[in-house]
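What follows is a short report on a single structure.
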There are 2 protein chains.
Amino acid sequence: MLISTKGRYGLRSLADLVFYGQKKPVPLRVIAERQGISESYLEQVFALLRKAGIVNAIRGSYGGYVLARPAHQITVGEVLKALEGPLTLASCASGGTTTECDKMDTCLTISFWQELSAKIDEVLSSTTLQDLVDKVQAARKGPDPRKDKN
Amino acid sequence: MLISTKGRYGLRSLADLVFYGQKKPVPLRVIAERQGISESYLEQVFALLRKAGIVNAIRGSYGGYVLARPAHQITVGEVLKALEGPLTLASCASGGTTTECDKMDTCLTISFWQELSAKIDEVLSSTTLQDLVDKVQAARKGPDPRKDKN
DNA sequence: TTCTTAACCTAGTAAGTTGATAGGAAAATA
DNA sequence: TATTTTCCTATCAACTTACTAGGTTAAGAA
């Protein structure tokens, strides 16, 4: 499993926030229950999301979490980076950039890792939380009558 | 780091085998030294590669390892799968296929993980060991005089 | 003011993974 | 027989993961 529960829970919880949430703050208890995730573990996940400026927290009763920006301005890449750290494949190929390594000229795999990193980055930075929810809502309106090729 | 040293060392060692190797078996000691990797650790890596049918081993003096098939028939995906196990992102989205989960219908992230898995698979299964080496050898012949846009 | 809600913070922890090292057995060649 | 090299197993320290526990702080409600 390349992505840990931190990243998966976090992404699912944010999508949940977009899908079920209104403008009102949603307490973690609700999200945790709905998604079947330990509440206190989720607290730690949301602490990271808050520090990354992805959600805002409102304390006290009727408090909870809200997105810090509209859902279509928050990319999946941003979320995963906040929760999983930089998603590098090899130390010399981190998200499109090249870090120096003492074997650059003899390394036979650098360009492969770079190419793959770039492809992954492309998907991560072009998908927003809104996209995730839109896809589910489209599917909910009844399956497309055309041949299911996805 | 999404890929552990097992996968990275293994891929580099196989590329080394293609790049420097002739038809003659190459002992691990040579690869380990050339790539700066612990030899006994590399033994464990090659044990996995052998079990996966990627390399053949020849014991005794003048022994070593050779590729079990031509380099252009061995994909990077095959190698990484042998060393890292299945490269699933989430349990429900493993390499293009969909595993059942008890929240399929309410899960907001499945299709994203599937899309990403598919993109990764595309790169992994279309890149061979020969491709890795070709790219380095092309670069060795002097950089392309055209604008460097890669 | 007091109660309740919910974020916030820190520490601990069992289980698993990682990246090795060590020591030897078996096979093939010289 | 001696050497080379694969093969196999066990061990290990350090780290990560996925939690749980227990308490503090802030904000609204009674």
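All chains are named by letter (A, B, ...) in the order of the sequence lines, taking the proteins before the strands, and each is independently numbered beginning at 1.
- Under a cutoff of 6.0 Å and an axis angle of 45°, B:R34 and B:Y20 form a cation-pi pair.
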For this session: Would you give a per-nucleotide map of nucleotides 15-30 of chain D, 5' to 3', where B means the base has a protein non-hydrogen atom under 4.0 Å away, S means only the sugar-phosphate does, and - means neither?
Result: ---BBB----BBBSS-
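- For A:K135, the salt bridge (Lys or Arg N to Asp or Glu O under 4.0 Å) criterion is met by B:E115, not counting sequence neighbours.
- Atom CD1 of A:I31 and atom P of C:dT5 are 18 Å apart (whole Å).
- Atom NZ of B:K24 and atom C1' of D:dT5 are 16 Å apart (whole Å).
- For the pair B:R29 and D:dT5, the criterion of a side-chain N or O lying under 4.0 Å from OP1 or OP2 is met.
- Contacts of B:R69 classified as salt bridge (Lys or Arg N to Asp or Glu O under 4.0 Å), with partners at least two apart in sequence or in another chain: B:E78.
- The interatomic distance linking A:L49 (CG) with C:dA7 (P) rounds to 13 Å, in whole Å.
- Between the CG atom of B:L48 and the P atom of C:dG19 there is a distance of 13 Å, rounded to whole Å.
- A side-chain donor-acceptor contact under 3.5 Å links B:T5 and B:Y41.
- As rounded to whole Å, 12 Å separates atom C1' of C:dA7 from atom CG of A:L42.
- No donor-acceptor pair under 3.5 Å is formed between the side chain of B:Q35 and the backbone N or O of B:D16.
- The distance from atom CD of B:E33 to atom C1' of D:dT4 is 16 Å, rounded to the nearest whole Å.
- Following rounding to the nearest Å, A:Y65 (OH) and C:dA6 (P) show an atom-to-atom distance of 12 Å.
- Note that CD1 of A:I74 is 12.0 Å distant from CG of A:D131, once rounded to the nearest 0.5 Å.
- Separating the CZ atom of B:F46 from the P atom of D:dC7 is a distance of 11 Å, rounded to the nearest angstrom.
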